Amino acid sequence: MRVEGKLDLEDHDPGESFGWDKEQAKRQLADDVGALAELQTLLFAEGRRSVLVVLQAMDAGGKDGVLREVFVGLNPAGVTVTSFGAPTEDELAHDFLWRIHQHTPADGRIGVFNRSHYEDVLVVRVKQLAPATVWRKRYAHIRHFEQALVDEGTTIVKLFLNISSEEQRDRLQDRIDSPDERWKFRLGDLDDRQLWPAYMEAFGDALTKTSTPSAPWYVVPGDRKWVRNLAVARILRHTLARLDPQPPPADDGIEGLIVV
Ligand code: AMP
Ligand code: MG
C-alpha cells in the first residue's frame, strides 16, 4: 500500500481485501486499537515526539468512518482532529500552509487532518481555483514543509482512502435516500463526482510527488469498510511501534515509597 515511485491508481483495486477474513479482521482490529491506545499513552508520557496522520479521500470515501472506527479507542486528550474545509477569506489572504501549520501536533500528541494542505493541489487544481503556475510549485513546498516537521520530531503518515466510482455512487445515493444521513450530502458533491477522472489524475500526481521515505503515502483500499479500518489500524500500529516511545525515568527516590 505504501507509495514508492510513480503511482498509477489503476493498479490499485479499491475492492482489495488481502485475503483477510471478515470475522478475524474484526478481532484483529480490536487488538490493534488496544495496542494503539497503549502506544499513544507511551507517546504522551515520553512527551518528546508527535505523530501527524493525514486523511484524504473523495467524498464518502470513509474519512469520518476511520475517525469513528479506528481512533475510537484512543484517549481524546491526546488526539486532535482538524477538519479543513473551503478556506475563509482570511485564510485565502495567506499562503496555503498558514492555516495548516497552526494545527500540527505538539510533542506527545497525535494530530489527525481530515483533509489537509493536499486540497491545495487537488480541488484547487481540478477546479482551477489557482493558476497552474501557483499549484505546480506546491508539491515541492509540501515536501519541504513536511520534512521540516519530520526534522523537528513529527512522524507523518498519509492515508489515501481509495474508493471506486461505483462505491461512491452507492454511498452518495444512500446519503440522499436516508433522512439521517442527508446532512452529509451537498449538491456540490455531484460536481466533484463529475470531475472524477481529473481528481484521480490529481491524486496520482500528488501522491507520486510527495510520498517520501520520511512522509510516506499509503493507498488504502476503501470499498470494504472492514478492510479499510483494519488496514489503517495496522499502518498506525506499525508506525507507532517503530517509534517505540519510552516514558521518562521516574524521579530519584520514588521507588519503594509508601503512601500513607
Ligand atoms: P467536507 O470534508 O465534506 O466537509 O467538505 C469540505 C470541502 O472543502 C470539500 O469540498 C473540499 O474540497 C473543500 N476544501 C478543503 N480545502 C480546500 C481548499 N484549500 N481550497 C478549496 N476547497 C477546499
Ligand atoms: Mg463532503
Side-chain angles (χ1 to χ4, degrees), residues 9 52-71 79-104 111-146 156 158-163 165 167-207 209-210 217 220 222 225 228 232:
L9 283 170
L52 173 62
V53 183
V54 173
L55 288 177
Q56 285 288 161
M58 294 296 284
D59 282 309
K63 300 188 302 301
D64 295 310
V66 161
L67 286 169
R68 259 194 330 269
E69 291 149 35
V70 180
F71 288 87
V79 182
T80 316
V81 180
T82 312
S83 299
F84 293 97
T88 63
E89 204 179 319
D90 192 29
E91 287 168 348
L92 274 178
H94 292 82
D95 70 88
F96 77 106
L97 292 171
W98 180 75
R99 67 171 182 160
I100 306 293
H101 206 164
Q102 314 174 41
H103 296 283
T104 54
V112 187
F113 285 177
N114 182 353
R115 303 188 190 268
S116 65
H117 43 301
Y118 284 94
E119 293 292 332
D120 293 281
V121 289
L122 294 167
V123 62
V124 167
R125 166 177 166 167
V126 170
K127 293 202 170 156
Q128 300 176 16
L129 304 178
T133 47
V134 170
W135 59 252
R136 253 196 224 116
K137 290 186 181 147
R138 289 181 174 167
Y139 301 106
H141 294 315
I142 289 174
R143 282 195 304 271
H144 291 139
F145 169 64
E146 292 180 353
I156 303 181
K158 301 178 289 193
L159 306 171
F160 172 52
L161 311 179
N162 185 30
I163 57 166
S165 164
E167 181 68 19
Q168 189 202 42
R169 182 195 56 221
D170 293 349
R171 290 186 191 179
L172 290 179
Q173 191 65 56
D174 281 349
R175 287 181 177 187
I176 292 167
D177 294 344
S178 78
D180 291 347
E181 291 197 39
R182 210 164 283 152
W183 63 272
K184 293 188 200 167
F185 181 81
R186 292 167 305 113
L187 276 176
D189 294 351
L190 296 181
D191 301 335
D192 283 333
R193 181 168 167 72
Q194 290 283 317
L195 296 166
W196 184 277
Y199 269 107
M200 290 307 111
E201 204 185 329
F203 268 111
D205 245 13
L207 272 56
K209 291 186 159 90
T210 62
W217 270 106
V220 175
K225 294 175 182 174
R228 170 199 78 200
V232 169

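Predicted, not measured: the structure shown is a model, and the values here were computed from it. In each ligand, atom 1 is the first atom listed, and ligand 1 is the first ligand listed.
Across Val121 and Arg138, no two heavy atoms sit closer than the pair CG1-CB, 3.7 Å.
For the side-chain hydrogen bond (donor to acceptor under 3.5 Å, both in side chains) test with Gln56, the passing option among Lys158, Arg115, Lys63, Glu119 is Glu119; the others fail.
With ring centers used as reference points, Tyr118 lies under 6.0 Å from Trp217.
Within the structure, ligand 1 lacks Met58 among the residues with a heavy atom less than 4.0 angstrom away.
No part of Lys184 comes within 4.0 Å of ligand 1, judged by heavy-atom distances. Proximity of Val124 to ligand 1, defined as any heavy-atom pair under 4.0 Å, is confined to the side chain (atoms from C-beta onward). For Glu91, no heavy-atom contact with ligand 1 is shorter than 4.0 Å.
Backbone and side-chain nitrogen or oxygen atoms of Arg115 are examined, and one is located within less than 3.5 angstrom of a nitrogen or oxygen of ligand 1. Where the criterion is an N or O separation shorter than 3.5 Å, residue side chain and backbone included, Ser116 fails it with respect to ligand 1. The shortest N or O to N or O distance between Gly85 and ligand 1 is under 3.5 Å.
Remark: side-chain polar atoms of Gln168 are not paired, donor with acceptor, to backbone N or O of Met58 under 3.5 angstrom.
Close approach of ligand 1 to Ala86 is summarised as follows: ligand atoms under 4.0 Å from at least one heavy atom of the residue are 8 (O), 13 (C), 14 (N), 15 (C), 22 (N), 23 (C).
Cation-pi contact between Arg99 and Phe84: absent, since separation from the ring centre below 6.0 Å together with deviation from the ring axis within 45° is not met.
Between Arg68 and Asp64 no salt bridge is recorded (no basic side-chain N to carboxylate O distance below 4.0 Å).
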